Amino acid sequence: MILYLLTVVLLILIAPILLSYIKATKMVLFFKRPISLMQGYRNFTKLLKKETIISEETSAITRYAPFLVLSPLLVTVFFLPPIVGGAYYVSFVDAFTITGLISLSTFFLMILGLDSASAFGGMGSSRESFISALVEPAMVLTIFSVSLMADNLGVGQAGVNLVAHFPKEHMASYLFAGISFFILLIAENGRIPVDNTETHLELTMVHEAMILDLTGVYLAIIETASSIKFVIFASLFASLFMPFGLEFIAPIAFVIFVLKLFIIATAVAIFEVNTAKLRIFKIPNLLGLAIVFAFLSLITFYVLGA
Amino acid sequence: MVDFLIGLFLASLIAALFTTRLYGLLFWYSMNSLMLGLLALGIGINIDDKAMLLTGVVTILIKAIGIPYVLKNLSHKFNFARQIVSGIKMQYSIMLVPIILVFTFYLSVPIVDMIHTNANYVAISISSLFLSLLLIMEHSDVVPKIIGFLALENSLFLLGTTATNGMPMLVELGIFFDLLMAIVVINLLFHKEEMKI
Amino acid sequence: MFIFDTLSLVFVALILLGSLPNLIYSTGYLPHIERKGYYQLHYFAFIASMLGVVVSANALVFLFFWEIMSLSSWKLILTEVEGKSTIKAARFYFLMTHFGFVFLMLFFLIVSDGNLELDFGSMQLIASKFAYPSLLFFFLILGLLSKAGAVPLHVWLPYAHPAAPSPASALMSGVMLKVALYGLLRFLFDVLYPWPLEWGTTLLIIGSLTSLVGILYAMGEHDIKALLANSSIENIGIILIAFAMGMIFDTLKLPYLSTFSFVAALFHIFNHMGFKSLLFMGAGSVLHQTHTKNIEKFGGLISSMPVTAFVFLFAAMSITALPPTNGFLSEWMIFQSMLGSSHITDDISLKLSIPFAIFALAMTSGLAIATFVKAFGITFLGLHRSTNAKHATEVNFLMKTGMVLSALYIASLMLFAPFYLRFFDDVFVSLGRSSIYAKLFPDGILQMHSLSVHGGIVSPLILFGSLVLVTGLLLLAYRVFDVKERFYHTWACGYRTAPNTQYTSTGFSGIMRRFFSWLYKPQEHIVKETLAGHETKFSDASYTVHIKPLFEVSLYESAKRLTYIISYWVYRLGHFEQTRYPAMIFTLLLFVLFSYRIFADDFSWQTIIIESIMMIMSVKILIIGEKK
Amino acid sequence: MMLTLLLTPALFMFLVSFLRNENAKYLLALSSFVILFPIVDLFTFVKPYAILGTYLVADKLDTYVLLVSSIVGIGVTLALFTMDKHVTVSPKAYRKFYRFFAIFWIGLIFSILSNHMGIYWIGLELATLSTVYMIKTNHTPAAHKEAWNYMIVGAIAVSLILFGIILMYASAKPILGEEAMQFDLLLKHAKEIPSPFLFEIGFAIATIGMFVKMGFFPMNLWLANIERSSFYPVAALFSGILESAVVIGFFRFSQIAMEVNYNNLFIFVFIYTILTIFIVSFLIYRAKDFMRLFSLSGIEHMALIVLFWVSGSPFAALLHFGAHAFLKPALFLSTGVLETNGKFKMAGALRGYTGKRGKIFLFLVSLFLLAIISLPPSPMFFSELYGFGAMINTAKGSDHMLGMIGAVLFLLILLSIIFYRFVSIYQSMRYEGEARSRKVYAGELFALILFAVSLVALMLPNTLHYLKTVI
C-alpha cells in the first residue's frame with residue numbers, strides 16, 4: 001500500500017519535470033541553452049500567485065470545468081499499473097475506464113473552450129474534438145489487442161501479466177499496438193506533429209486555443225492536467241510496452257521506471273525535433289496510421305494469432 | 001341440316017364483317033338472325049322441344065325483322081352516315097378471320113376429346129364470338145358497334161341452341177327481355193349530335 | 001390476447017418510465033401547441049399503442065397496435081405543420097413505417113399458418129418447419145429495423161423526429177424505437193430460435209454500420225433535433241451490436257457471455273431511452289424559447305436557462321459514454337462482451353466482423369463526444385447568436401419538472417445499476433437463459449465483473465465517489481486559498497467580443513466535414529461581397545453548407561425515380577388504351593383462352609411460340625394499329 | 001311472398017318516378033328507404049331460404065351482400081337529397097334517375113339472390129343497362145360519350161359472362177340436365193362434370209367478362225372515366241352495389257371452379273389480379289382528381305377481394321367486401337363537397353370546414369380516407385391480414401413457394417405505393433392549399449354517418465362470427 005501511494009505521489013511529482021525535460025532536450029538539440037527541469041514547478045507557483053481573470057461572457061462552466069478537467073486525470077493516476085512487483089494496485093479498473101476518464105477530461109476541456117465566446121476557443125474545441133474522435137478508436141483497438149495479449153483487461157493486472165509472460169508468440173501484433181500507442185501518446189498530449197504547445201499562433205493551436213482565456217489558478221490547473229496526462233500515457237506505455245523491471249526490489253524498480261519515463265520523453269523530444277507541425281487536415285494521416293496499426297494489431301491477433 | 005345452317009350463320013357474319021354499307025350490314029345481321037331462328041326451329045323439331053320452337057319464332061320476329069327495321073328507322077330519323085368505314089384494313093381482316101377460326105378449332109380439341117356431342121358447335125360459337133368482337137372493334141361509328149353487339153348476342157344464342165340443345169325457357173325469355181331493354185336504352189341514348197365515340 | 005411475462009413487463013416499465021416525465025413535460029409544453037385536442041388525443045393513443053404492442057400475445061393484436069402506433073405517431077408529426085418540410089417528413093415516415101409493416105406482416109403470416117390468433121410460442125413449431133428460415137429472419141429484421149432506424153432504413157428518422165412536437169419526438173426517439181427492439185427480442189427468442197451464425201454476423205454488421213453512419217450524420221447536422229435523431233440511429237446501432245454479439249455467443253454455445261451481451265443491449269436500451277428523452281426535452285425547451293431549431297441561432301442559453309442547460313449537459317455526458325455515467329456502463333459492457341470473442345477459433349467471418357464492430361463502436365464513441373460537445377457548447381455556451389436566443393428565459397415549472405425527473409431517472413440508472421441489471425437478468429432467465437447476475441457481481445455490488453475470459457472490472461460507484469471526492473477537494477482548495485478574481489471581457493485580439501466572432505456550428509464541424517467529404521458530399525454556397533474587386537478583401541461573406549445523406553440519394557431517390565418512370569409508362573399505356581377497349585378485350589380473351597388451352601390441357605413449347613406470335617400480331621394489328 | 005315484399009318498394013319507386021309532383025322527391029326517397037325492411041326481415045330467416053323455388057334462394061352469402069347493398073342504396077338516397085346543391089340537375093333528370101334506380105334495384109335483387117346462372121345473368125344485364133341511363137342523367141358531352149362507352153363495353157362484358165355461363169351449362173348438362181344452371185347443384189356435382197376443360201373455358205370467359213366489368217386490367221381507366229363523367233351518386237352506386245352483384249357472381253362461379261381445378265383457377269386469377277393491381281397502383285400514383293382516385297382504388301380493392309376469395313379466405317374477402325362497399329360510396333358521396341372548388345384541386349380540399357357539420361364531415365372523411373388504405377381500426381386492416389394470410393398459406397402449400405411469396409411481396413409493395421399516394425393526398429388535402437369555406441348539407445352528412453355506423457357494425461363480434469360461418 002505504501003509503495004502504491006508512493007507511486008502515485010511519484011507520478012504526480014514527476015509530471016511537470018517530464019514536460020520540462022522534453023522541452024530542455026529539444027532546446028539542447030536545437031543548440032539552445034536548456035531550461036531548468038524545475039521550470040514546470042516555477043510556472044505553477046507563479047500562476048498560483050497571480051490573480052484570476054474571469055471573462056464576463058462565460059458561465060458557470062468556466063468556474064467548474066478546469067477542476068473537472070484535472071480530477072479525472074488525477075483519479076486515473078491511482079489506477080495505473082504497478083511499477084514495483086508485489087505492490088498494491090487497483091484491480092477493479094480496466095482500460096476502458098481509463099480511456100473514458102481521459103475522454104471525460106477532454107470533454108470538459110472542449111466545453112471550456114466553447115464557453116468563452118472567443119473564436120479561438122471554438123477553433124481549439126473543434127480541432128480537439130476532431131483529433132480525439134480519431135484517437136478514440138485507435139486507443140480502444142490498441143487497448144483491446146494489448147489486453148488480449150496480456151490475457152486481462154484490467155490495466156494493473158495486464159501490466160503484471162505482461163511482465164510475467166512476455167507475448168513472444170504475438171510479437172507482430174504487439175509491435176503494431178506499440179507503434180499505435182506511441183502515436184496516440186503524441187497526439188493526445190498535443191506534441192509537435194499534431195499540436196504545438198509552445199506557440200500561440202492561431203494556425204497551429206489546438207490545446208492552447210481552448211485555454212487561451214484562462215489565467216492564474218485555472219491555467220495552473222489546466223497545465224497540471226496536461227502534464228499529468230502525459231505522465232499517464234508515458235506510464236501506460238512504460239508498463240504495457242516495456243514490461244520489465246518489476247522483479248527488482250522497490251528502489252531499483254522505481255529508478256528503472258523513472259528511467260523508462262525519461263527514455264519515452266527523450267523519444268518524444270527527438271520525434272518532435274525531427275518533424276514539422278502538420279496542417280490540421282494532415283493530422284488524420286498520422287492518426288489514420290495509428291488506427292491502421294491498431295486495427296492491424298487486432299486483426300493480426302484475431303485472424304493469424306501472431 | 002344443322003351444320004348447313006351453322007355454316008350459313010358463320011358466312012353471314014363474315015359477310016357482315018366485310019360490308020361497307022350500313023344497310024348491307026343490317027341485311028347481313030338480319031340474315032344471321034334468320035339462320036339462328038331457323039336453326040332453333042330445326043333443332044326444336046328434331047328433339048321435339050316446344051320451347052325451342054317458340055325461341056325460334058321469337059328470334060325470327062324480333063331479331064331478323066324487328067331490330068333491323070327499328071335501326072333502319074332510326075338511321076332515317078337521325079341521318080346516319082350510310083357509308084361505314086372499317087378501322088382495320090381489309091388485308092388484316094382477311095388474315096385475322098382464318099386465324100380466329102383455326103384458333104377456335106384448336107381450342108376445342110380437348111372438348112371434342114372429352115364429350116363427343118356438339119363439340120364442334122362450341123368451336124363455331126366461340127369463333128363467331130370473336131368475329132362479332134372483331135365487328136365491334138372494326139368500326140368507330142355507333143350503329144355498326146350496336147350491330148356487332150347484337151351479333152354477339154346471336155353467337156350466344158347459337159351456343160345456347162346448338163351446344164346445349166336450348167337453355168331453360170326462363171333464361172331465354174329473360175335474355176329477350178334484356179335485349180328489348182337494351183334497344184330502349186339505345187333509343188334513349190341516341191342524340192342528334194356526337195354520333196362518334 | 002395479452003401477455004404479461006417478464007420481457008413484456010420490462011418494456012412496459014420502460015414505456016412508463018419514459019412516458020411519465022414526458023407527460024409532465026408535455027403538459028407544460030401544451031400552451032405552445034395550437035391544436036391541443038388533436039395533439040393530446042394522438043399523444044395518449046401513441047403511448048397506449050406502444051403499451052399495447054409490448055403486451056400483445058398474438059400476431060393480430062401485435063400488428064394492430066403496431067399500426068396504431070405508426071398512425072398516431074404520424075399524426076403527431078403533423079401536429080404543427082410548418083410548411084412543406086413537415087408534410088414531406090410525415091409522408092416519408094409513414095411510407096417507411098408501412099414498408100416495415102409489410103415485411104413484419106409477411107413474417108407473421110408465414111409463421112402463423114393463417115391463424116393470426118396463435119400465440120408466439122406455437123409459432124416456433126411452424127417457423128422451424130419452414131424451408132427458408134433466413135427468409136423469415138430477413139423479413140423480421142426488415143420489418144422491425146425499419147422502425148428502429150437501422151441502416152439503410154434509417155433515412156426517415158432525421159426528418160420525422162424533428163418535425164414532431166418536442167415531447168412527441170422525445171417519445172418517438174426515446175421509446176418507440178425501443179418498441180421495435182422489443183419485437184426483435186420477442187420474436188428472435190420466441191419464434192426464430194435457434195439462430196444460425198450468419199444472422200448474428202449480419203446483425204453485427206448492420207449495427208456497426210448504423211452506429212457509424214448515425215453519428216457521422218449527427219456530426220454534420222445543424223438542426224438540433226435532427227442531430228439528436230441521427231444520434232438515435234447511432235445508439236440503435238450500438239444496441240444492435242450488443243444484441244448481435246448475444247446471438248453470436250448463443251450460437252457458439254457460450255450461454256453466459258450471450259446473456260451478458262443481451263443484458264448489455266437491454267441496459268443500453270434503458271439508458272438510451274433516458275438520455276435521449278431528456279435531450280429531446282432539452283432541445284424542445286430551447287426550441288420553445290427561441291422558436292428555432294437551427295443550432296446556429298442559439299448560444300449563451302446557459303445563463304438564461306440554467307436548469308435546461310445542466311440537465312442537457314448531464315444527458316450529453318451520459319450519451320457520450322463518459323465515466324461514470326450509465327451510458328458508459330452499458331457501453332463498457334458491450335465492449336467487454338466483444339472482448340469475449342477472443343477465443344473464437346473457427347469462423348473467419350466472425351474474426352473479420354468483430355474487429356470491425358469494435359472499430360465502429362470506438363469510432364462512434366469518439367465522434368459522439370465531438371457531436372455532443374458541439375450540441376451542448378454551441379447551444380448553451382458563449383454568446384447568444386440571435387435575438388431569439390437573447391430573449392430566451394427558463395421554461396415553465398412543468399417542463400422543468402419533466403426534465404429533472406428524467407435526469408433523476410438517468411442518475412438512478414447510474415447509481416443503482418445493479419438493481420436494474422438484476423431486473424434485466426430476470427428477463428433473460430425467463431426466456432430460458434442462464435442467469436448472470438451472480439457472476440456480474442461476485443463480490444458485492446460495488447464491482448461489476450465482465451463475463452469474458454480475463455474480462456475487466458468496473459466499479460461505477462467507486463469511480464463516481466472518487467471523482468466527486470477529488471473534484472470536491474480541488475474546489476475546496478480553491479475556496480480555501482481564496483483566489484483573487486477579476487472580471488473582464490474575453491480577449492479577442494483587441495477587438496470587441498461579439499456573438500458573430502464566435503465559432504459557429506458549421507465551423508465546429510468543418511474539419512469533420514472536410515475529412516468525411518466523401519460521405520457527406522457537402523454542397524457549399526459561398527456569397528462574398530468583395531471590395532474593389534480584390535479576391536481576398538471582402539466586407540461581408542456568408543457560407544452555408546448542406547449535406548445530402550448518401551443513402552437517401554442513392555437508395556431512395558432512385559427508387560422514387562423508378563416509380564416515377566414506371567408510372568409514366570403505365571399512365572401513357574392507360575391513356576392510350578382508352579379508344580380500343582373492344583380490341584383489348586378481344587386480345588385478352590384470346591390470350592387467356594390460349595393460355596388455358598396450353599397450360600391447363602397439354603403443354604408444348606411449339607404452341608407457346610405460336611401463341612406469342614399470334615398475340616404479338618393481334619396486339620400490333622388491333623391495339624396499336626397503323627401509325628397515322 | 002317474400003319476393004313481392006322485396007320488389008314492391010322498387011316497383012313503387014318506378015311508378016312514382018312518373019309523377020311530376022314536387023313532393024315526389026320525398027316519396028321516392030321513402031320508397032328507397034323501405035327497401036331495407038324486407039331485407040332485414042330476410043336476414044332473420046333460417047338459411048337457406050327458398051324465395052322462388054330453386055331459382056331464388058337466400059343463403060348467408062347473398063343476404064349479407066344484399067344487406068350491404070341496401071344500406072349503400074339508402075346512403076346514396078340520402079345524399080341525393082342535396083345533390084342539386086353541388087351540381088346542376090333538373091327535377092326531370094332526378095326523377096329519371098330514380099326510375100332507372102328502381103330497375104337497377106330489381107335487377108340487383110334477382111342477380112344477388114339467384115341460385116341460377118341464367119337468372120343471375122338476367123338481373124345483371126338489367127342492372128347494367130339501367131346504369132347506362134343513370135350515367136346519362138348528367139347532361140354533358142363527356143357523360144354522353146361515356147354512356148355509350150359503357151353501353152358497348154358493358155354489353156360485351158355481360159355477353160361474355162353469358163357465353164361463359166352457357167359453356168358451363170353445356171359442360172354440366174350431360175349429368176344434370178336443365179338443372180345444370182343451379183349453383184348449388186353444380187357445386188355439389190362439380191367433381192363429376194364430364195368435361196372439366198369445357199367448364200374451365202366457360203369459367204375463364206365469364207371471369208373475363210366480370211373482370212372487365214369491374215374494371216380490371218386492361219379496362220382500368222374505362223370505369224374511372226365513366227365514374228368521373230357521371231354524377232357522383234352514380235359512382236357510389238357503381239362501386240357499392242353494381243360491383244357487389246358482379247363479385248357475388250364471381251364468388252359463386254369460382255366456388256364451383258375451385259372444385260373443378262383449383263390450381264388453374266388460382267394461377268389465372270392470381271396473375272390477373274396482380275397485373276391489375278400493378279397497373280392500378282401506378283395509375284393511382286398519378287391520379288389528380290378524386291373521382292379517378294377513388295374509382296381506381298375501387299378496382300384495387302375489388303382485385304383484392306377476388307384474390308382473397310380464391311386464396312381460400314372467404315371471411316377476409318367478405319369482410320373486405322363489406323368494408324369497401326361502405327367506404328367507397330361514402331368517399332364518392334363526399335366528393336360532391338370536396339370538389340366544390342373544382343375537380344382537380346386536391347390540395348386544401350379538407351380545409352375550411354367550419355361549424356358542427358363541417359367538423360363532423362372533416363372527421364368522417366379523414367377517417368374514411370385513412371380506413372381505405374387499411375389502417376387500423378378499419379375492417380380492411382383485418383381483412384387484409386386474413387386475406388394475405390390465406391394467400392401465404394396457399395403459397396406454402398404450392399410447388400412454387402418462393403415465387404409466390406415473392407409475388408405476394410410484390411403485391412404488398414404495390415399496395416404500399418397506393419398507401420403512399422393516399423397518405424400524400426390526405427396530407428395535401430389537410431395541410432396544403434388555401435382554406436376556402438364550403439358548405440356541408442345534412443343529406444350527405446347523414447349518409448356518411450350511416451356508412452360510419454355500418455362500418456362499426458361490421459366490426460362487431462357478431463358480424464365477424466356471421467362472416468366466418470358464411471361458407
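The analysis underlying the following values was restricted to heavy atoms, covering all of them including side chains, and did not include hydrogens, waters or symmetry mates. Model, not experiment: these values are computed from the prediction. Sequence lines set the chain letters: A, B, ... in the order given, protein chains first and strands last, and positions in each chain run from 1.
For the pair Tyr420(D) and His98(C), the minimum side-chain heavy-atom distance is 4.5 Å or more. Side-chain contact between Tyr386(D) and Asn115(C) is absent, with no heavy atoms from C-beta onward closer than 4.5 Å. With contacts defined as side-chain heavy-atom distances shorter than 4.5 Å, the pair Val423(D)/Leu95(C) does not qualify. A heavy-atom distance below 4.5 Å is not found between the side chains of Val570(C) and Val280(D). Looking only at side-chain heavy atoms (C-beta outward), Tyr581(C) and Ile156(D) stay at 4.5 Å or farther from each other.
Only the side chain of Ile208(D) comes within contact range of chain C, judged by heavy atoms closer than 4.5 Å. Within the 4.5 angstrom heavy-atom criterion, only side-chain atoms of Leu135(C), from C-beta onward, approach chain D. With a 4.5 Å cut-off on non-hydrogen atoms, Met401(D) touches chain C through its side chain but not through its backbone. At a 4.5 Å heavy-atom cutoff, Ile565(C) makes no contact with chain D through either its backbone or its side chain. Neither the backbone nor the side chain of Phe108(C) comes within contact range of chain D; no heavy atom of the residue lies under 4.5 Å from a heavy atom of that chain. Asn393(D) touches chain C through its side chain: at least one heavy atom from C-beta onward sits under 4.5 Å away, while N, CA, C and O do not. Only the side chain of Phe381(D) comes within contact range of chain C, judged by heavy atoms closer than 4.5 Å. For Phe103(C), the part lying near chain D is the side chain, with the backbone staying farther off; criterion is any non-hydrogen pair under 4.5 Å. Contact of Phe197(D) with chain C is made through the side chain alone, with heavy-atom distances under 4.5 Å. At a 4.5 Å heavy-atom cutoff, the contact between Tyr285(D) and chain C is made by side-chain atoms alone. For Ala59(C), no part sits under 4.5 Å from any heavy atom of chain D, backbone or side chain. Of the atoms belonging to Leu370(D), it is side-chain heavy atoms, and not backbone ones, that fall under 4.5 Å from chain C. Within the 4.5 angstrom heavy-atom criterion, no atom of Pro196(D) approaches chain C. If you measure heavy-atom distances from Leu160(D) to chain C, the contacts under 4.5 Å come from the side chain alone. Heavy-atom distances place the side chain of Ile417(D), and not its backbone, under 4.5 Å from chain C.
Counting heavy-atom neighbours within 6.0 Å of Lys36(C) NZ, excluding the residue itself, gives a total above 12. In the displayed structure, Phe591(C) atom CZ is contacted under 6.0 Å by at most 12 heavy atoms of other residues, nucleotides or ligands. More than 12 heavy atoms of other residues, nucleotides or ligands lie within 6.0 Å of OH in Tyr38(C), so this atom counts as buried by the packing criterion. Sparse packing is recorded around OH of Tyr132(C), with 12 or fewer heavy atoms of other residues, nucleotides or ligands lying under 6.0 Å away. The neighbour count for Tyr262(D) OH, taken as heavy atoms of other residues, nucleotides or ligands under 6.0 Å away, is above 12.
Each of Ile267(D), Val408(D), Leu409(D), Ile201(D) has some count of heavy-atom pairs under 4.5 Å with chain C, and the biggest count is that of Leu409(D). Listed options Thr563(C), Leu593(C), Leu60(C), Leu106(C) were ranked by heavy-atom pairs under 4.5 angstrom with chain D; first place goes to Thr563(C). Contacts with chain C were tallied for Val212(D), Asn264(D), Ile413(D); Asn264(D) has the most, counting heavy-atom pairs under 4.5 Å. Of the residues considered (Ala395(D), Pro377(D), Ala390(D)), Pro377(D) shows the highest number of contacts with chain C, using heavy-atom pairs under 4.5 Å.
Considering every non-hydrogen atom in both Leu109(C) and Leu385(D), the closest pair reads CD2-O, 3.5 Å. The nearest pair of heavy atoms linking Lys396(D) to Ile110(C) is NZ-O, 2.5 Å. In this structure, Ala204(D) and Val592(C) approach most closely via the heavy-atom pair CB-CG1, 4.0 Å. Minimum heavy-atom separation, Glu200(D) to Tyr596(C): OE1-CE2, 3.0 Å. The minimum heavy-atom distance between Leu588(C) and Phe217(D), with the atom names listed, is CD2-O, 4.1 Å.
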Side chain to side chain contact (heavy atoms under 4.5 Å, CB included) evaluation trace for Phe99(C) with Leu412(D):
CA-CA 9 Å; Phe99(C) 177 81; Leu412(D) 285 168; over 6 Å; no
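Note that CD1 of Ile566(C) and CZ of Arg286(D) are 11.5 Å apart. Values are rounded to the nearest 0.5 Å. Interatomic distance, CD1 of Ile87(C) versus OH of Tyr431(D), reported as 8.5 Å (0.5 Å rounding). Distance check: Leu589(C) CG to Ile205(D) CD1 gives 5.5 Å after rounding to the nearest 0.5 Å. For the atom pair CG of Leu375(D) and CZ of Phe101(C), the computed distance is 8.5 Å after rounding to the nearest 0.5 Å.
Figure legend: Arg91(C) and Tyr426(D) shown without cation-pi pairing, the cationic atom not lying both under 6.0 angstrom from the six-membered ring centre and within 45 degrees of its axis. In this structure, Lys288(D) forms a cation-pi arrangement with Tyr571(C), its terminal cationic atom sitting closer than 6.0 Å to the ring centre and no more than 45° off the ring axis.
Residues of residues 74-84 of chain C lying within less than 4.5 angstrom of chain D, judged on heavy atoms, are Trp74(C), Lys75(C), Leu78(C), Val81(C), Lys84(C) in numerical order.
A distance below 6.0 Å separates the ring centres of Phe94(C) and Phe419(D).
Taking the six-membered ring for Trp and thresholds of 30 and 60 degrees, Phe382(D) and Phe64(C) have nearly parallel ring planes, at less than 30 degrees apart.
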